[in-house]
Amino acid sequence: MSPTTRLEDLEDEATLQLDAKGNLRHLLTLKSLDKALLTEMLDDAERYLTAHGSLPARSRSLVGRTIANLFFEPSTRTRASFDLAGKRLGADVLNLDVNTSSRKKGESILDTIYTLQAMQVDVMVVRDASAGVPAYIARNVLDHVCILNAGEAEVSHPTQGLLDVLTIRQHKGRFENLKVAIVGDVRHSRVTMSVSQGLTTLGVGELRLISPPALAPDPESVPGALIMDDLDAGLEDADVVMALRIQRERIGNLDGIPGIDEYFANYGISAKRLEIAAPDVIVMHPGPMNRGIEIESAVADGAHSVITQQVTNGVAVRMAVLDRVGRTLAAR
Ligand code: CP
């Protein structure tokens with residue numbers, strides 16, 4: 001058996017993540033999570049935020065639980081924030097070093113999972129370059145094990161989507177009438193998929209996805225979004241601008257992708273370009289950033305930037321998600 005990307009499996013993934021009582025058992029995708037549940041998770045995350053300079057929020061809700069971080073692709077933000085989130089909730093946290101794990105000796109992903117399951121790991125946080133892997137694992141673990149998707153190919157990055165909508169809510173307070181512009185390599189962006197799903201469920205006014213034609217998404221993958229290739233038109237009066245890096249690791253053929261200078265000239269978010277957006281625009285980036293390619297340093301570090309706030313929110317969101325699946329486990 002191997003991971004699969006068949007459409008029916010992706011549909012099935014949406015229902016797999018809730019238990020019979022409607023509680024979050026796995027977090028695989030934001031698709032299909034309703035507005036009430038998304039709002040509850042954002043409210044929970046807000047409670048884990050404290051002022052910088054004060055001690056971070058802690059709880060003992062996961063004492064006795066074990067979390068394993070399994071990152072089969074590189075990560076700084078997601079991995080570090082799941083690690084901190086688990087520890088701040090009192091859990092034991094195992095960060096498996098994939099490069100020195102027995103997967104390098106040919107062990108299958110399921111055998112790795114079964115090995116950790118036998119060590120009484122309760123929650124597995126999984127990042128993988130292949131679509132379908134988190135759901136595949138979720139279908140094969142025991143009833144008391146939760147799987148959290150920490151980034152799946154170009155398909156889904158649900159905790160990133162949550163932290164992004166939380167950041168937008170903190171600044172704008174509402175989603176209706178909001179114009180959100182996501183700029184860059186939309187086609188290969190799992191962040192775009194998840195944040196689009198979250199924003200659509202929460203009733204965003206207008207979602208614009210702006211990219212060179214070679215990096216435009218399949219319209220069916222982002223229903224309701226405006227797909228554009230003119231950055232100036234896409235930025236007009238935008239309340240939120242999110243820049244994306246070019247995901248070279250997911251692009252087999254670079255034909256049609258502009259060179260760096262041309263890309264920055266046409267799709268880079270510069271201070272000059274930002275004047276087209278609303279005066280109180282916020283600028284976001286999920287990271288990692290390539291300064292001078294998709295975003296100018298003056299913008300990344302400027303007054304409109306909320307990029308470091310996204311990172312802070314990432315820990316709070318992951319605490320909220322871990323706490324929620326912990327409650328699901330406790331209620332079994
Ligand atoms: N945004 C994001 O997923 O960053 P990392 O790859 O550093 O985890």
Side-chain angles (χ1 to χ4, degrees), residues 27-30 41-42 45 67-88 93-99 123-131 133-134 147-168 170 180 182-199 209 211 215 217 240-251 269 282-291 293-295 299-301 305-322:
L27 180 59
L28 306 174
T29 173
L30 295 188
M41 288 201 281
L42 300 182
I67 299 165
N69 283 328
L70 310 175
F71 280 68
F72 301 112
E73 262 196 335
S75 169
T76 296
R77 282 146 285 268
T78 313
R79 179 174 161 153
S81 58
F82 265 115
D83 186 8
L84 289 172
K87 287 171 179 162
R88 288 176 185 171
V93 182
L94 167 71
N95 287 296
L96 188 78
D97 184 348
V98 173
N99 289 319
V123 180
M124 300 192 200
V125 178
V126 179
R127 171 172 288 194
D128 199 277
S130 299
V133 166
I147 303 302
L148 304 182
N149 183 347
E152 173 192 1
E154 70 281 9
V155 175
S156 186
H157 194 350
T159 55
Q160 179 72 44
L162 284 172
L163 76 88
D164 289 336
V165 294
L166 175 62
T167 309
I168 293 170
Q170 287 167 335
V180 177
I182 301 180
V183 184
D185 180 4
V186 176
R187 181 195 289 267
H188 302 100
S189 171
R190 55 194 174 206
V191 175
T192 301
M193 292 299 291
S194 288
V195 75
S196 300
Q197 289 160 359
L199 285 171
L209 305 179
S211 66
L215 298 175
V240 177
V241 174
M242 181 186 290
L244 302 171
R245 102 190 142 85
I246 300 175
Q247 325 256 317
R248 294 189 184 276
E249 70 276 23
R250 282 192 263 283
I251 303 175
I269 305 298
I282 58 168
V283 176
M284 306 177 72
H285 194 306
M289 270 189 286
N290 292 138
R291 292 170 183 257
I293 301 180
E294 72 269 10
I295 190 166
V299 175
D301 304 325
S305 173
V306 296
I307 294 169
T308 57
Q309 189 178 348
Q310 288 174 267
V311 177
T312 301
N313 286 339
V315 181
V317 157
R318 285 156 186 140
M319 288 176 82
V321 170
L322 286 168

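First listed ligand is number 1; within each ligand, the first listed atom is number 1.
Of the options Val315, Val93, Leu322, a side-chain contact (heavy atoms from CB on, under 4.5 Å) to Phe82 is made by Leu322 and by none of the others.
Contact check on Asp83 versus Lys87 returns a salt bridge, with a Lys/Arg side-chain nitrogen under 4.0 Å from an Asp/Glu carboxylate oxygen.
When heavy-atom distances to ligand 1 are checked against 4.0 Å, the residues falling inside are Ser75, Thr76, Arg77, Thr78, Arg127, His157, Gln160, Pro286, Gly287, ordered by chain and number.
For Asn290 (side chain) and Arg245 (main-chain N/O), no donor-acceptor pair under 3.5 Å exists by modelled atom type. In this structure a side-chain-to-backbone donor-acceptor pair under 3.5 Å is missing from Thr159 to Val317.
Residues Glu154 and Met193 share a closest heavy-atom pair of O-CG, 3.6 Å.
Looking at residues two or more places apart in sequence or on another chain, you find a side-chain contact (heavy atoms from CB on, under 4.5 Å) between Glu73 and Arg127, Ala129, Arg190, Arg250.
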